[in-house]
Amino acid sequence: MSTPHKTITYSLRVEFGDCDPAGIVWFPNFFRWIDAASRNFFIQCGVPPWREIEKETGIVGTPIVDTKARFMKTASYGDELQIDVHVPEWRRKSFVQRYHCRRGDTPIMECEEVRIFGGRREDGSWYAFEVPERIRRLCE
Ligand SMILES: CC(C)(COP(=O)(O)OP(=O)(O)OC[C@H]1O[C@@H](n2cnc3c(N)ncnc32)[C@H](O)[C@@H]1OP(=O)(O)O)[C@@H](O)C(=O)NCCC(=O)NCCSC(=O)c1ccc(O)cc1
């Protein structure tokens, strides 16, 4: 039986400015919170900030290469949301990161991404590193 994946929860409060004229969260804001929840996952797992990691490995961050989201219920200002994050799959030069956004026990939206550990070339383009074993071990 596979061992359960480490899950880290990122919490936030929805503000009025996060919402559209209908008073519900404007969908791009979920992706901003998901990116914050992604970075928080690594920090809570013990991975130093990317600016530190970059000095020894060249890894600048975790660029996204694929995403899919499903929106089940609306959220509005004043709501306290929780985003549960885990990595269900590590690949050679990429990994899958899964997010479950909820308001207490009520599922709000969910998202699954593929990300890489990215370095930047002189021209600003990204390149992908092999998944660092040290980071994988901290996050499994
Ligand atoms: C990521 C890339 C450098 C990969 O370039 P390539 O030279 O083609 O490398 P590869 O083909 O070897 O792909 C690298 C890996 O990514 C995987 N990959 C690449 N594209 C995909 C897609 N679409 N789906 C799944 N997997 C993918 C590929 O399979 C390789 O993984 P493995 O299978 O495990 O070997 C290039 O596709 C790229 O630059 N894409 C644009 C990335 C981008 O601009 N994303 C949005 C902005 S960055 C961003 O939002 C961000 C957020 C948070 C941060 O900390 C940093 C940046």
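Indexing begins at 1, ligand by ligand and atom by atom, following the structure's order.
Nearest protein neighbour of atom 55 (O) of ligand 1, counting heavy atoms only, is T62 N, 2.8 Å. Of all protein heavy atoms, the one closest to atom 45 (N) of ligand 1 is I64 O, 2.9 Å. Looking only at protein heavy atoms, the nearest one to atom 51 (C) of ligand 1 is P63 CA, 3.7 Å. Nearest protein heavy-atom contact of atom 28 (C) of ligand 1 is S94 OG, 4.8 Å.
Set against the non-hydrogen atoms of G61, the atoms of ligand 1 under 4.0 Å away are 55 (O). Of all the atoms in ligand 1, the ones that sit under 4.0 Å from a non-hydrogen atom of R91 are 34 (O). Those atoms of ligand 1 with a heavy atom of D35 less than 4.0 angstrom away are 52 (C), 53 (C). Within ligand 1, the atoms closer than 4.0 Å to a non-hydrogen atom of V114 are 25 (C), 26 (N), numbered from 1 in the order shown. Short contacts between ligand 1 and I116, defined as distances under 4.0 Å to a heavy atom of the residue, involve ligand atoms 1 (C), 15 (C), 16 (O). Atom numbering of ligand 1 starts at 1 in the shown order; those under 4.0 Å from a heavy atom of A128 are 14 (C).
Counting heavy atoms closer than 4.0 Å to ligand 1, residue D66 contributes side-chain atoms (C-beta onward) but none from N, CA, C or O.
For atom 4 (C) of ligand 1, the nearest protein heavy atom is 4.0 Å or more away. Within a 4.0 Å radius of atom 26 (N) of ligand 1, the protein contributes one or more non-hydrogen atoms. Note that atom 53 (C) of ligand 1 has protein non-hydrogen atoms nearby, at separations under 4.0 angstrom.
Here atom 19 (C) of ligand 1 lies nearest to V65 when heavy atoms of T67, V96, V131, V65 are compared. Summarising the contacts of atom 44 (O) of ligand 1 with W50, W126, F31, F117, the nearest heavy atom is found in W126. The option from E113, K93, R115, R121 that lies nearest to atom 30 (C) of ligand 1, judged by heavy atoms, is K93.
Below 30°, between 30° and 60°, or above 60°: for W90 and F117 the angle between ring planes is below 30°, a parallel geometry. Taking the six-membered ring where tryptophan is involved, the planes of F30 and W33 are perpendicular, since the angle between them exceeds 60° and thus also 30°. Classified by interplanar angle (parallel below 30°, tilted 30° to 60°, perpendicular above 60°), the ring pair F71/F31 is perpendicular.
You'll find the ring centres of F41 and F95 outside the 6.0 Å limit.
None of R98, R102, R70 except one satisfies the side chain to side chain donor-acceptor pair (under 3.5 Å) rule with E110; the exception is R70. With respect to E130, the salt bridge (charged side-chain N to carboxylate O under 4.0 Å, His left out) criterion is satisfied by exactly one of R136, K93, R92: R92.
Remark: the Q44 side chain and the Y10 side chain contain no N/O donor-acceptor pair separated by less than 3.5 Å.
Residues V60 and E54 come closest through the heavy atom pair CG2-OE2, 3.7 Å.
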Quiz item: Do R134 and I53 pass the side chain to side chain contact (heavy atoms under 4.5 Å, CB included) test, and can you show the C-alpha distance, the side-chain angles, and the key distance before you say yes or no?
Solution: CA-CA 11 Å; R134 170 184 163 216; I53 291 272; 4.3 Å; yes
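Using a distance-only test at 3.5 Å, with no hydrogens or angles considered, a donor-acceptor pair links the side chain of R103 to the main chain of T74.
To the nearest 0.5 angstrom, I59 atom CD1 is 9.5 Å from I116 atom CD1.
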